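A short write-up of the structure that comes next.
These numbers come from the heavy atoms of this one structure, side chains and all, not from hydrogens, waters or symmetry mates. Numbered from 1 within each chain, the chains take letters A, B, ... in sequence-line order. The structure presented is a predicted model; accordingly, all values stated were derived computationally and were not measured.
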Amino acid sequence: MIDYKGIEAKWQSEWDKAHLFEGNVSDRESFFITVAFPYPNAPQHIGHLRAYGTGDVIARYKRMKGLNVLFPMAFHGTGTPILAFAKRLKNNDADLINELKMFHVPEEELKKMTDPLYIANYFVAEIENGMRRAGYSIDWRRKFTSIEPFFSKFIEWQFKMLDDRRLLVKGRHPVGWCPNENNAVGMHDTKHDVEPEIEKQIAIKFKVDGEESYMACTTYRPETVFGVTNLFINKEASYAQYKVDGEVLYLSKAAAEILKYQMGVEYIKDVPPQEMLQKRCIGISGNAIPVLPGFFVNKEMGTGIVMSVPAHAPFDYSAIERLKNEGQATGITPIKVLDIPGKGYPIPSLAYLKIAQTDANGSFEDIEKATKLEYKEESHMGRMAIKGYEGLSENEARERITAELLGKKQAIEMYILVNLPVYCRCGYGVVVKVVDNQWFINYGDKEWKEKTKRAFSNIKILPVKSRKAFESAIDWIDLRAVARAQGLGTKFPLDNNYIIESLSDSTIYMAFYTISNIIRGINPENLKPEFFSYVFLNSGDSESVSKSTGIDYETIKRCRESFDYWYVNTSRHSGVDLIFNHLTMYIYNHVAILEERRWPKQIVVNGSVLSEGEKMSKSLGNIVPLIDGIEKYGADLIRFVVVAGADLFSDSEFSADAVKGVDERMNFIYDTARQLESMESSELSHIDYWLYSKLNRKIRSASESIEELELRAYATTVLYDSAIELRRYFNRNGSNGIVVRDYVSAVSLLLSPITPHVSEELWHILGNSSFASVEKWPAPNPEMISDKIESEELMLDSIINDSKAIVELMKRKHGSHPRSVKFIVAAKWKGPVTNIVAGSKKISAAVDAIKKGMEDFKDLDKEKAMAYATGLGKKVNSLQKTEVTQDDEYRMLSESSGYLSSMLNCDVSVEREEDSKSARANGAMPGRPAIEAVF
RNA sequence: GCAGGGGUGGCAGAGCUUGGCCAAAUGCGGCGGGCUUAGGACCCGCUUCCUUUAGUGGAUGCAAGAGUUCAAAUCUCUUCCCCUGCACCA
């Protein structure tokens, strides 16, 4: 049994002693790989192994390919979670404490965790320890956290660069807000960690006839404004007049509560529903529209006033029909604004009520069903029928009309929480507040976007199928709020009351790794912008920079050299969930700030990890802490399962079963290596050549797979297939020490990126004294790859299969097991004849050849040959050309007679059709010898 | 709703880019057999249905439906369903 823990500790310490993974400037080609740095507010679990482990596999592979690899790591302390963490701990939050206990955070540590910095440092140490135990080939000298002063200097420089390029803009922005604490709230500030989901809604204003005031109606379908016949209110609701940004609006009181956080809202006076119903408004085309009671109007939703479009809203239609039955609303006729080609309903909402098998008097649920159906079909297939918008799809029309209404100030925007109610941890309901004077990074800048797209076209994205997601992310990203009122991090240079938001301070930080170890120790005050501009942009000269910053000349030059050397061939890694923010921002910021040759070269994304088939979550209690996993199974096994258990884009599954499967195979290879000493070496036989062929083919395909990061395929070939091949080799009585040594030795190197510790151990068991981790990646020897030898083995299998079937049949007939089985190999001429048919798929081709006398076979019995050729008729399509000749087949069967007889449980003999007296000899085909059982 | 990914045999998961060698790799599970005192491990076979006492033949089949083609899990269209993200959360 492999002693994983012992092996891991041993090699980790050896690697450390040898400084094996420290990246230093040299004249070799560089490869710089970074994985999104972790947030130190919780211990790691095996899910984290996916991204970092994948990164490590690549780092290790590239190192073996001869590149000078730098794989650094740092920590991201920016933002609010650590503060929230401290607060929760202070309040003795039971959930949090349980969670931490599960991760083995000692009780006395919990008591000390009052200071956010202490918390950060604790988890930094915890995570680093886990990463070391996992065997990541990280250069730890470059470690830093994003909340250290010297890093802040770098971020200040970055934002100065963005500002210089006019990419920072100011504006309004909605945020989740706690009115009690007067704070923005994110997911970690809410009860049950709910993200407040904010949605922009539009409220269309209808002028009240005879008044300088408006009724505001929220709607999801502003394009139907042309079909408005009236307004609906709820008779039970409370309404009032308000002055909203200088205009008098009628709103429900509930709506005013929401709006007052978003714009200036001044209460004027109550307006009872009865009074509301007396008023008349003016529609978009100047038509008079009455205010009516709507049975379905929800007083909590929107403004509490609904615009009625009976042609396209089953609820509106129903409400009007019901009023008509009571003698009201008599003058109202639906106005159609859009049609579905080919359907042409006179009154669409009525049609959908019918489709939903109900009518205007139907139940709320049935009408809702009709509504959903209508909205769906109309949005899918509807075409506008209103002048000026003819033929537009509903979505196109919505976009245009919304913009027009807002432009003409006929509508206002309001924000609502979609997932109501959301509670702040303090107990208050969360609202949406619109923050003025918010700073944004303007990712919508046209020129910037174009340049970023150009940069993107040169980036290698793995897996390839995630490319589309990036494309749409690059298109979609627009303004991004960049300043926060609270949190750890770097102060926003343009307004020191704010902190730079956490994703925005980690877009070009990878460059910082190239100098972090050099500048640590320098007084941060000396790290002035001109220093960074020189190092990263090569602007200015080192002497004047040295003079103005007070940093010594040599240090500055070293920084520049280091950046220049490493920041060329870069690869960035993270989870797929970061495509739509971090990774896209990463590309944008590189493009904005750095020179073109520093732009990203490769981005790799990976899926997440499931635990025993389930998503890991606190509530399921199925989170496996990384340290627990390593303790229980060993780092190499969980690396293998988590990193190579699925292709990059899919989730991989961690399960005890999967670990067991890997463990068994690792042990088998390990045992094989240990038994090598007792194996003799001799002349190479067929099965030895076979193993070499398989090995070299494996090296070739594994190299191709890992190059494209098809890690699942790579791992399967290298571990699973190796186990199968070795077993077959031994079953076939293979026993050549040299061959097995070559095989295991190559496999141990091939495995090294994914299971570095066991590989290192294997490598040394084989007598090597170098480190497998930095050995040269094996190259295949194409000459050793033989289709012929491999197909002979396949042929042997199928022959055994056939014989078994026949032996079974004969057994039933004779009532006993045969004493021996005779294999009669097909006549020599049958090979070429079969190949002609297999190649041309035509019997006639073979017939022609036979007629010509088949030059090589002068004594060919033409009649017999013709019969044989015609007999191939049915099999034409399944026949395969083969290089295996009669001699090969004869030799192979003879050599394998021991194996055959053990498989068939009786004696075995082999002869050629030409020499055979058997009645069955005639039926032999190449690769399918005739079989005669003797009793 | 928008965007991205996906739906394959008891399960997991390849294959679909470059249509035919695909009743569909591989692993797990199940069944039968071998080895064993026994279990585990290992080895062999079976694991859609029907047919077949000489190494078969046939039907159905890769979410559903339609299409292109001599030929489709693979290409096109439509529908249904699932997963992920949607912004201040790292």
Side-chain angles (χ1 to χ4, degrees), chain A residues 36-39 41 76-82 84 173-176 184-190 193 195-199 220 375-376 379-380 395 398 435 438 440 463-473 475-484 487 501-504 506 576-582 585 607-608 613 615 645-647 649-651 653 655 657-658 660-661 664 667-668 712-713 716-717 720-721 724 727-728 730-731 798-814 838 874 877-880 902-903 905 920 923 925 928-933:
Chain A
F37 53 11
Y39 196 88
N41 72 332
H76 196 202
T78 314
T80 49
I82 292 178
H173 189 66
V175 292
V185 291
M187 180 158 64
H188 52 267
D189 303 309
T190 62
D193 286 340
E195 176 73 40
E197 277 181 58
I198 296 169
E199 191 174 86
Y220 284 108
Y375 282 15
K376 192 177 161 186
S379 112
H380 204 77
N395 289 335
R398 180 174 303 160
V435 184
Q438 171 64 279
F440 297 91
V464 176
K465 66 176 153 191
S466 59
R467 222 183 153 85
K468 273 192 185 165
F470 274 96
E471 278 166 11
S472 48
D475 256 336
W476 158 87
I477 192 169
D478 192 14
L479 294 175
R480 178 160 183 113
V482 70
R484 292 285 175 281
E501 173 271 330
S502 54
L503 284 178
S504 299
S506 56
V576 282
D577 48 326
L578 295 186
I579 293 177
F580 275 81
N581 44 53
H582 165 70
M585 292 159 71
S608 58
K615 209 168 180 171
D647 70 274
F649 212 57
S650 333
D651 295 341
E653 186 166 340
S655 68
D657 273 357
K660 192 176 134 221
E664 279 165 6
N667 267 295
F668 175 65
R712 168 101 187 138
T716 310
T717 319
Y720 287 74
D721 291 352
I724 292 174
R727 285 200 171 113
R728 179 174 183 102
F730 294 131
N731 279 339
S798 85
I799 291 172
I800 290 171
N801 243 339
D802 289 350
S803 335
K804 278 189 171 172
I806 292 164
V807 165
E808 274 312 303
L809 289 172
M810 301 310 280
K811 248 166 92 174
R812 265 184 264 172
K813 203 168 175 182
H814 286 82
K874 274 188 204 160
N877 282 317
S878 60
L879 281 179
Q880 298 273 338
S902 77
M903 284 292 158
N905 244 332
R920 296 209 172 276
M925 281 174 63
R928 265 182 98 178
I931 297 163
E932 186 168 87

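Closest to the A/F580 side chain, of the nucleotides B/G55, B/C89, B/G85, is B/G85. Of the listed nucleotides (B/C89, B/C86, B/G55), B/C86 has the atom at the smallest distance from the side chain of A/W476. Checking B/C86, B/C89, B/G5 against the side-chain heavy atoms of A/K465 singles out B/G5 as nearest. Between B/A14, B/G5, B/U56, one nucleotide has an atom nearer to the side chain of A/R928 than all others, and that is B/U56. The side chain of A/S502 lies closest to B/A90 when the candidates are B/A90, B/G5, B/G55. In this structure, of B/C89, B/G55, B/G4, it is B/G4 that holds the atom nearest to the side chain of A/S472. Distance from the side chain of A/I931 is smallest to B/G55 among B/A87, B/G55, B/G5.
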Pull out every protein N or O sitting under 3.5 Å from an N or O of nucleotides 25-35 of chain B, one pair per line with the distance.
none

Considering only nitrogen or oxygen atoms on both sides, find all protein atoms under 3.5 Å from nucleotides 43-47 of chain B and state each distance.
from  : atom 1 : to     : atom 2 : distance (Å)
B/C44 : O2'    : A/K804 : NZ     : 2.4

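Taking atom C1' on both nucleotides, B/A14 is separated from B/C31 by 25 Å, rounded to a whole Å. Taking atom C1' in both B/U84 and B/C46, one finds a spacing of 40 Å when rounded to whole Å. Between B/G15 and B/U69, the distance separating the two P atoms is 29 Å to the nearest Å. For B/U68 and B/C83, the C1' atoms lie 31 Å apart once the distance is rounded to whole Å. B/A72 sits 14 Å from B/U8 when the C1' atoms are compared, rounded to a whole Å. With both ends at atom P, the span from B/C42 to B/C62 equals 35 Å, rounded to whole Å. Using P as the reference atom, B/G39 and B/G30 are 15 Å apart when rounded to the nearest Å. Nucleotides B/G57 and B/A24, compared at atom P, are 13 Å apart to the nearest Å.
Heavy atoms of A/S803 sit nowhere under 4.0 angstrom from any nucleic acid atom. Among the atoms of the strands shown, none is found under 4.0 Å from any heavy atom of A/H582. Within 4.0 Å of A/F649, counting heavy atoms only, lie sugar-phosphate atoms of the nucleic acid but no base atom. Contacts of A/D577 with the nucleic acid, taken as non-hydrogen atoms under 4.0 Å apart, are absent. In this structure, A/P463 reaches neither bases nor backbone, as no heavy-atom distance under 4.0 Å exists between it and the strands shown.
When all heavy atoms are compared, the tightest approach of A/F580 to A/A469 is CZ-O, 3.8 Å.
Across all strands shown, B/U48 pairs with B/A59; the Watson-Crick or G-U wobble distances both stay below 3.5 Å. Under the Watson-Crick and G-U wobble criteria, each requiring two contacts below 3.5 Å, nucleotide B/C77 is paired to B/G65. Across all strands shown, B/A14 has no partner, as no Watson-Crick or G-U wobble contact with both distances under 3.5 Å is found.
Taking atom CZ of residue A/F470 and atom P of nucleotide B/G5, one finds them 13 Å apart after rounding to whole Å. The distance from atom CG of A/L578 to atom C1' of B/G4 is 15 Å, rounded to the nearest whole Å. What separates CD of A/E653 from P of B/A14 is a distance of 12 Å, to the nearest Å. Atom CD of A/E932 and atom P of B/G55 are 16 Å apart (whole Å). Computed from coordinates, the A/K468 NZ to B/U84 C1' distance equals 16 Å when rounded to whole Å. The CD-C1' distance, from A/E471 to B/G5, rounds to 15 Å in whole Å. What separates CG of A/D651 from P of B/U84 is a distance of 9 Å, to the nearest Å. Between the C1' atom of B/C2 and the CG atom of A/D475 lies a distance of 13 Å, rounded to the nearest Å.
Annotation: side-chain contact (heavy atoms from CB on, under 4.5 Å) contacts of A/S608 (sequence neighbours excluded): A/D651.
When side chains are defined from C-beta on, A/R712 counts as touching A/T716, because their heavy atoms get closer than 4.5 Å.
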